[in-house]
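Okay, so here's the structure we're looking at.
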Amino acid sequence: QVQLVESGGGLVQAGGSLRLSCAASGRTLTSYHMGWFRQAPGKEREFVAAINWSGVSTNYADSVKGRFTISRDNAENTVYLQMDSLKPEDTAVYYCAANSGLMLVSTAKRYDYWGQGTQVTVSS
């Protein structure tokens, strides 16, 4: 089992940047593909980005492609989400998640472990 803790959220103006971190403990992250999801008030949780266990393959939601970058440092057991050119519609609680399956997926129910989330608020 792996425990995930997100950090790095906060309040930022539109056009600004934030870098989220997801620190893992309990098991090495190389056992997992990792994903970032977000949930805005009154909306369902949605996929943001995913990265395979080695960091070679990534996948992004169309809404963040070209603005967000997912990366990982397996030596540090940490996954990152660099968010640039932020928009008010990016406001949400952001969650990292671990998937022990064989494929890099964007479906939340395919992820086995979740962090508690970190709030990102983008003001206009």
Correct closest heavy-atom pair for A14 and S124 would be CB-CA, 4.4 Å
Counting neighbours of NZ on K43 that are heavy atoms of other residues, nucleotides or ligands and sit closer than 6.0 Å, is the number greater than 12? no
Do the side chain of N52 and the main chain of L104 share a donor and acceptor less than 3.5 angstrom apart? no
For residues 31-38, tabulate all N or O donor-acceptor pairs below 3.5 Å that involve a side-chain atom, not counting sequence neighbours.
| from | atom 1 | to | atom 2 | distance (Å) |
| --- | --- | --- | --- | --- |
| Y32 | OH | R27 | NH1 | 3.4 |
| H33 | ND1 | W53 | N | 3.0 |
| H33 | NE2 | G101 | O | 3.4 |
| H33 | NE2 | L102 | O | 3.3 |
| W36 | NE1 | Y80 | O | 3.4 |
| R38 | NE | E46 | OE2 | 2.5 |
| R38 | NH1 | D90 | OD1 | 2.9 |
| R38 | NH1 | Y94 | OH | 2.9 |
| R38 | NH2 | E46 | OE2 | 3.1 |

Q.
Quick check on the hydrophobic clustering: are I51 and V2 connected, directly or via other members, by side-chain heavy-atom contacts under 4.5 Å?
A. yes
To the nearest 0.5 Å, atom OG1 of T58 lies from atom NZ of K65 at 9.5 Å
When rounded to the nearest 0.5 Å, the distance separating OG of S123 from CD of Q13 is 5.0 Å
query: Would you say Q39's side chain and A92's backbone share a donor-acceptor pair under 3.5 angstrom?
result: no
Cluster check Y113, L20: I/L/V/M/F/W/Y, side chain < 4.5 angstrom = yes
Residues Q82 and S17: closest non-hydrogen pair is NE2-CB, 4.0 Å
Should F68 and V93 be regarded as members of a common hydrophobic cluster, given that ILVMFWY residues are connected when their side-chain heavy atoms come within less than 4.5 Å of each other, either directly or indirectly?
no
Notebook entry, point to check: Any sub-3.5 Å donor-acceptor pair from T91's side-chain atoms to V122's backbone N or O?
Noted result: yes
**Prompt:** Mind checking whether D112 and N99 have side chains closer than 4.5 Å, heavy atoms only?
**Reply:** yes
Closest heavy-atom pair, N77 versus L29, reported as atoms and distance to 0.1 Å, is OD1-N, 2.9 Å
Could you tell me whether the side chain of I70 reaches within less than 4.5 Å of the side chain of V79, counting heavy atoms only? yes
Point to revise | Whether E6 side chain and G117 backbone form a donor-acceptor pair below 3.5 Å | key: yes
Closest heavy-atom pair, G8 versus L18, reported as atoms and distance to 0.1 Å, is O-CD2, 3.8 Å
Shortest non-hydrogen pair, V105 vs R110, comes out as CG2-CB, 3.6 Å
Are R67 and M83 side-chain neighbours, meaning at least one heavy-atom pair lies under 4.5 Å?
no
Taking every heavy atom of F47 against every heavy atom of A61, the minimum-distance pair comes out as O-CB, 3.4 Å
Discussion item. Quick one, L4 and C96 - any side-chain contact, counting heavy atoms below 4.5 Å?
Written reply: yes
